[in-house]
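Please read the structure below before turning to the comments.
Only a predicted model underlies this, so the values are computations on that prediction, with no experimental measurement involved.
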Amino acid sequence: SFKPPHQALEFHVHATSGRARYTTVHLPHGPVATPVFMPVGTKGTLKGLSPMDVTNSDALNNQIILANTYHLALQPGTELIRDT
């Protein structure tokens, strides 16, 4: 049977203070330090951020961006996503 080389999600807590935590979440595409600003895309767009904010902002230091694939299937649609 197939066994992945590591878990799809690993979570390491480095420090805590009350209910707050400083952690690293290890994902298949690389680690993400938390707490983190995580832009969330719905319906194919990151609302409130320009493309320059997303790609070139040292202040935001985007380590991860979430996209809802269900929303992408509804709008702009699977044909447009497939063709880009």
Side-chain angles (χ1 to χ4, degrees):
S1 71
F2 173 77
K3 290 188 180 182
H6 54 79
Q7 295 181 10
L9 173 72
E10 291 182 26
F11 189 78
H12 296 113
V13 178
H14 303 289
T16 62
S17 177
R19 294 176 57 190
R21 296 181 294 224
Y22 166 57
T23 66
T24 301
V25 180
H26 296 275
L27 302 167
H29 296 288
V32 177
T34 67
V36 64
F37 175 72
M38 188 181 317
V40 178
T42 57
K43 296 186 179 180
T45 184
L46 295 172
K47 292 162 183 65
L49 296 174
S50 72
M52 294 295 288
D53 289 335
V54 175
T55 58
N56 298 327
S57 176
D58 290 333
L60 293 179
N61 189 24
N62 295 319
Q63 299 176 50
I64 187 169
I65 298 173
L66 296 181
N68 186 319
T69 55
Y70 175 73
H71 289 162
L72 289 174
L74 294 178
Q75 182 184 6
T78 55
E79 294 81 19
L80 181 63
I81 299 296
R82 182 189 63 234
D83 295 340
T84 58

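- Ring geometry for His12 versus His26: interplanar angle over 60°, hence perpendicular rather than tilted (30 to 60°).
- Here the CG atom belonging to Leu66 is positioned 5.0 Å from the CE atom belonging to Met38, to the nearest 0.5 angstrom.
- Under a hydrophobic-cluster definition in which Ile, Leu, Val, Met, Phe, Trp and Tyr are linked whenever side-chain heavy atoms come within less than 4.5 Å, directly or via other members, Val40 and Leu27 are assigned to the same cluster.
- Remark: Ser17 engages no residue in a side-chain hydrogen bond (donor to acceptor under 3.5 Å, both in side chains) (not counting sequence neighbours).
- Residues passing the side-chain contact (heavy atoms from CB on, under 4.5 Å) test with Thr23 are Phe11, Val13, Arg21, Val25, Thr34, sequence neighbours excluded.
- Ile64 and Pro39 get closest at one heavy-atom pair: O-CD, 3.4 Å.
- In this structure Phe37 satisfies the ring-ring contact (aromatic ring centres under 6.0 Å, His included) test with no other residue, sequence neighbours excluded.
- Between Gln63 and Val32, the closest heavy-atom pair is OE1-CA, 3.4 Å.
- Qualifying side-chain hydrogen bond (donor to acceptor under 3.5 Å, both in side chains) partners for His29, counting only residues two or more places apart in sequence or in other chains: none.
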